[in-house]
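These numbers come from a predicted model, not from an experiment. Ligands are counted one by one from 1 in listed order, and the atoms in each one are counted from 1 as well.
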Amino acid sequence: MSENLTREAIKSQVERLEYRNLAFIDGRFVAASSGETLETLNPATGECLTRVAACNSADVDLAVQAARRAFEAGVWSGLAPAERKAIMQRFADLIEEHCLELAVLESLEAGKPISECFNVDIPDTANTIRWHAEAVDKLYDAVAPTAKGVVATVTREPIGVVGAVLPWNFPAMMAGWKLGPALATGNSVVLKPAELTSLSTLRLAELAHVAGIPAGVLNVVPGLGHVAGKAIGLHPDIDLVAFTGSTEIGRRFLEYSAASNLKRIVLECGGKNPQVVMPDVSDLKTVAGNVLAAAFWNMGENCSAGSRLIVHRSIKDDLIDELQRQLDEEWVTGDPLDPDINLGALIEKDHMNKVLGHIERAKADGLSLVTGGVRMREESGGYFVAPTIFDEVGPDAAVAKEEIFGPVLAVIPFDTEEEAIAIANDTCYGLAASLWSDDLNTVHRMAAAIRAGTVSVNCFSEGDITTPFGGYKQSGFGGRDKSVYAHDQYCELKTTWIQLS
Ligand SMILES: NC(=O)C1=CN([C@@H]2O[C@H](COP(=O)(O)OP(=O)(O)OC[C@H]3O[C@@H](n4cnc5c(N)ncnc54)[C@H](O)[C@@H]3O)[C@@H](O)[C@H]2O)C=CC1
Ligand code: BAL
C-alpha cells in the first residue's frame with residue numbers, strides 16, 4: 001500500500017467526489033442533444049453511480065465541427081512544438097495533482113483495485129502525456145538524399161481530426177496512450193470512452209482544458225458503441241480513428257472507413273497471449289509470481305493477459321504447486337476501494353456471466369480444475385470471479401483458444417521446443433508473449449520465432465513508454481501505441497521537392 005493511499009484518504013475522496021457526466025464539446029460540458037443518458041454502474045455493488053450523457057451522431061458531428069474549427073484556426077496545430085509541450089506538461093502535472101480523485105473514479109466505475117489505479121494507471125497516464133510532450137520538440141524531420149540541384153524535405157504534419165474509441169479495462173491509461181501522441185503532434189481529438197467507463201475520461205478532458213488546451217482541441221462524447229462509436233467511424237470529416245477494444249469491433253472500423261472517407265484506422269485489439277516456460281528455468285518462484293501477474297493483473301481484463309501457460313511437462317506440476325501457494329498467500333479479492341486487495345470486480349454482469357460460461361464449458365469438457373472456477377462475494381451485489389486455473393488443457397480447447405478477458409489461466413504442457421513454439425503461435429492473435437529460460441541461446445531463438453508485438457523475457461511486461469505496443473495478426477492494424485513510433489500514425493508525411501535554379 002502506498003504511503004499516501006490510506007483508507008481515510010480514500011473515504012474522504014469518495015465523499016467529496018463530483019461526477020462530470022455531460023459531454024465535453026468545444027471547451028464546455030453539454031448535455032446530449034437528445035437529452036438521453038446512460039447509467040454508469042459500480043461493478044463492485046451493481047449500484048448506479050450516476051447517469052452520463054448518451055451522445056448520438058448529432059453530438060459527434062458537433063464535436064467534429066469544433067475539432068475541425070480548432071484545427072483549421074491553428075490554435076493548437078499551429079503552435080510551436082515547444083508551446084504544445086509546455087501546455088501538455090501542465091496537463092500532466094494536473095493529472096498527478098488529482099491522482100487520488102482520478103484513481104477513485106476509475107476504481108468505482110471499472111471495479112479495478114484502487115492501489116493499481118493510484119500507483120499504476122493514473123501515474124502512467126500522466127507520464128504518457130508528459131513523455132510525448134517532451135519528445136515532440138526533439139524530433140527532427142528529414143532532408144532526402146537527392147541529386148544536386150534539388151532540395152527535398154520530408155516533414156510530418158498533423159493528420160487533422162482524430163477519433164479515439166476506447167475500452168473499459170484501462171479507461172484513463174488508454175486515453176493517455178491516444179491523447180499523448182495525437183495532441184503532441186498537433187491534432188484535434190474527438191474521444192469516445194467505453195459506455196461503462198466515461199467518468200475519469202471526462203474529468204481528464206476538464207483538466208486538459210484547465211491546463212490550457214484550447215476549446216475544440218479535445219472533445220469527449222460518451223455514448224453507446226453502435227451509436228456514438230459508429231458515428232465516429234462513419235464521419236466524413238474525421239481523418240483517423242485510433243481504436244482499442246475487441247477484434248470484432250476493430251474489424252467494423254475498417255468497414256466504416258471503407259464506407260466513408262477512407263480515414264486511417266489504427267487498431268489495438270485482443271490477444272490470447274502465451275507464457276512459455278522452458279525446462280531449464282532455475283527460479284520457479286519468480287516464474288510463478290510473474291505468471292500470476294500476467295494472468296490475473298486487472299482481473300485478467302487485459303489485452304496482453306498471459307492466459308495460456310505453455311510449460312514443459314517436466315516442471316509443470318512443481319510450477320502449478322508454486323502458483324497455488326502464491327495465489328493463496330498473495331492474491332486477495334475484495335472491495336476495489338480497499339487498498340490492500342489486488343483483485344477487484346469484473347466490469348459488468350454480462351461480462352461476468354460470459355467468463356463463468358467459459359469456466360462451466362471447460363468443466364463440462366472434463367478439463368482439470370486446479371483452483372477457482374466460481375463467482376465470489378455474491379452478497380456484495382458485485383461481479384467477482386475467483387482466479388481460475390485449468391491444467392492439462394489441449395491447445396485446441398476453447399479455453400486455450402478464445403479471449404476470455406477474465407481471470408482464467410489455461411495450462412498447456414509441451415515436450416519439445418518446436419512444439420512450444422507451434423502452440424504459442426497457434427492463434428489468430430499476436431499481441432504479447434512471455435518467455436522463460438535461463439539459456440541465452442534459447443531465449444534469442446525462441447523470442448524470434450514467437451509472432452507477437454511484444455515478447456517479454458524472464459518477466460511479464462508490456463514494456464514502458466519508450467517501447468511500441470501493438471499486435472501482429474488480428475491483434476492489431478495500422479500502427480503502434482507508445483514510443484516515438486506512435487507519433488508517426490498521427491501524422492501525414494509531406495514531401496516538398498524544391499528544384500533549385
Ligand atoms: N484489447 C483490449 O484491450 C480490449 C478487448 N476487449 C475484448 O472485447 C470484448 C468485449 O468488450 P467490449 O467493451 O464490448 O469491447 P468492444 O470492442 O465492444 O468496445 C470497445 C469500444 O468500441 C465501442 N464500440 C462497440 N461497438 C461498436 C460499434 N458497433 N461501432 C463502433 N464502436 C463500437 C465501444 O463503445 C467501446 O468504446 C471483451 O470481452 C474482450 O474480449 C474489450 C476491451 C478492451
Ligand atoms: N494492457 C493495455 C492495453 C489494453 O489492455 O487495452
Side-chain angles (χ1 to χ4, degrees), residues 38 52 54-57 60 110 112 116 120-121 124-125 128 163-178 190-198 201 220-235 238 241-257 259-260 265 267-273 293-294 297-307 346-348 350-355 357-358 401-406 408 429-432 453-454 456 460-465 468-471 474-477 480-482:
L38 290 168
V52 175
C55 292
N56 61 22
S57 57
V60 168
K112 294 160 69 86
E116 294 283 340
V120 180
D121 293 51
D124 182 279
T125 307
T128 303
V165 179
L166 301 184
W168 41 258
N169 55 344
F170 294 91
M173 204 196 271
M174 290 307 100
W177 284 18
K178 308 303 184 200
V190 176
L191 187 156
K192 193 198 88 60
E195 50 269 46
L196 303 172
T197 55
S198 306
T201 316
V220 178
V221 283
L224 292 170
H226 66 274
V227 180
K230 183 174 179 183
I232 287 175
L234 287 172
H235 201 287
I238 290 182
V241 170
F243 169 83
T244 296
S246 63
T247 296
E248 178 197 346
I249 301 300
R251 203 183 300 278
R252 292 251 178 109
F253 275 94
L254 296 173
E255 292 167 7
Y256 297 149
S257 168
S260 57
I265 301 291
L267 304 179
E268 200 272 276
C269 298
K272 189 71 193 174
N273 309 290
W297 176 46
N298 211 49
M299 294 70 69
E301 293 176 328
N302 178 19
C303 56
S304 68
S307 50
L346 298 194
I347 187 68
E348 62 169 345
D350 283 354
H351 185 60
M352 175 189 70
N353 286 335
K354 192 181 115 191
V355 171
H358 279 285
K401 282 281 182 215
E402 292 172 27
E403 186 185 40
I404 296 175
F405 227 64
V408 182
Y429 298 112
L431 186 58
T454 299
S456 54
F460 162 66
S461 176
E462 295 186 348
D464 68 10
I465 185 62
F469 184 83
Q474 293 182 39
S475 289
F477 179 93
R480 291 289 187 265
D481 286 321
K482 302 195 300 173

With a 4.0 Å cut-off on heavy atoms, does [X] reach ligand 1?
| X | result |
| --- | --- |
| Glu248 | no |
| Met174 | no |
| Gly233 | no |

Any side-chain to backbone donor/acceptor pair from [X] onto [Y]? Under 3.5 Å, distance only.
| X | Y | answer |
| --- | --- | --- |
| Glu403 | Gly271 | yes |
| Thr125 | Asp121 | yes |
| Lys482 | Glu462 | yes |
| Lys112 | Asn169 | yes |
| Glu348 | Leu196 | no |
| Thr247 | Gln474 | yes |

If you look at each N/O of ligand 2, which protein N/O atoms lie under 3.5 Å away, and at what distance?
| residue | atom | partner | partner atom | Å |
| --- | --- | --- | --- | --- |
| ligand 2 | 1 (N) | Asn302 | OD1 | 2.6 |
| ligand 2 | 1 (N) | Glu462 | OE1 | 3.3 |
| ligand 2 | 1 (N) | Glu462 | OE2 | 2.6 |
| ligand 2 | 5 (O) | Asn169 | ND2 | 3.0 |
| ligand 2 | 5 (O) | Asn302 | OD1 | 3.1 |
| ligand 2 | 5 (O) | Cys303 | N | 3.0 |

Exercise for review: Flag the pair Phe405 / Leu346 as yes when at least one side-chain heavy-atom distance between them is below 4.5 Å, and no otherwise.
Suggested key: no
Check your understanding: Quick one: NZ on Lys401 to OH on Tyr429, what's the gap to the nearest 0.5 Å?
Key -> 11.0 Å
Review point. Roughly how far apart are Phe460 CZ and Ser304 OG, rounded to 0.5 Å?
Key: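 Interatomic distance, Phe460 CZ to Ser304 OG, rounded to 0.5 Å: 4.0 Å.
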Nearest neighbour in protein (non-hydrogen) for [atom]:
| atom | answer |
| --- | --- |
| atom 22 (O) of ligand 1 | Phe243 CE1, 3.3 Å |
| atom 11 (O) of ligand 1 | Trp168 NE1, 3.6 Å |
| atom 18 (O) of ligand 1 | Ile249 CG1, 3.4 Å |
| atom 36 (C) of ligand 1 | Leu166 O, 3.2 Å |
| atom 42 (C) of ligand 1 | Phe405 CE2, 3.7 Å |
| atom 24 (N) of ligand 1 | Gly225 CA, 3.4 Å |
| atom 39 (O) of ligand 1 | Lys354 NZ, 2.9 Å |
| atom 17 (O) of ligand 1 | Ser246 OG, 2.6 Å |

Below 3.5 Å, N or O to N or O, backbone or side chain included: is there any such pair between [X] and ligand 1?
| X | value |
| --- | --- |
| Gly245 | yes |
| Leu224 | no |
| Thr244 | no |
| Phe253 | no |

Short list, please: which atoms of ligand 1 are under 4.0 Å from a heavy atom of [X]?
| X | answer |
| --- | --- |
| Cys303 | 1 (N), 2 (C), 3 (O) |
| Arg252 | 29 (N) |
| Lys192 | 34 (C), 35 (O), 37 (O) |
| Glu403 | 7 (C), 40 (C), 41 (O) |
| Tyr256 | 28 (C), 29 (N), 30 (N), 31 (C) |
| Gly229 | 31 (C), 32 (N) |
| His351 | 39 (O) |
| Cys269 | 1 (N) |

Check your understanding: Is the shortest distance from atom 6 (N) of ligand 1 to a protein heavy atom below 4.0 Å?
Key -> yes
Practice item. Tell me, please, whether Phe243 has Lys192 positioned over its six-membered ring: NZ or CZ under 6.0 Å from the ring centre and within 45 degrees of its axis? Key: no
Review point. Does the pair Arg251 and Glu255 meet the rule for a salt bridge (Lys or Arg N to Asp or Glu O under 4.0 Å), with working shown?
Key: CA-CA 7 Å; Arg251 203 183 300 278; Glu255 292 167 7; over 6 Å; no
Practice item. Start with the C-alpha gap between Trp177 and Phe469, add the side-chain angles, then the distance that decides, and say whether ring-ring contact (aromatic ring centres under 6.0 Å, His included) holds. Key: CA-CA 10 Å; Trp177 284 18; Phe469 184 83; 5.2 Å; yes
Exercise for review: Begin from the C-alpha positions of Lys230 and Leu224 and carry the test side chain to side chain contact (heavy atoms under 4.5 Å, CB included) through to its verdict.
Suggested key: CA-CA 9 Å; Lys230 183 174 179 183; Leu224 292 170; over 6 Å; no
**Study point:** Taking every non-hydrogen atom, the tightest pair across Cys269 and Cys303
**Key:**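 In this case the closest contact between Cys269 and Cys303 is O-CB, 3.7 Å.
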Review point. Nearest heavy-atom pair of Thr244 and Met174: which atoms, and what distance?
Key: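 Heavy atoms only, the tightest pair is CG2-SD, 4.2 Å.
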Check your understanding: If you measure from each non-hydrogen atom of Ile404 to ligand 1, which part falls under 4.0 Å: side chain, backbone, both or neither?
Key -> neither
Check your understanding: Just wondering, more than 12 heavy atoms not from Phe477 lying within 6.0 Å of its CZ?
Key ->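 Not more than 12 within 6.0 Å, no.
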Point to revise | Verdict with reasoning, Lys178 to Leu166, per side chain to side chain contact (heavy atoms under 4.5 Å, CB included) | key: CA-CA 9 Å; Lys178 308 303 184 200; Leu166 301 184; 3.6 Å; yes
Review point. Going through the checks in order, is the side chain to side chain contact (heavy atoms under 4.5 Å, CB included) test met by His235 and Val241?
Key: CA-CA 10 Å; His235 201 287; Val241 170; over 6 Å; no
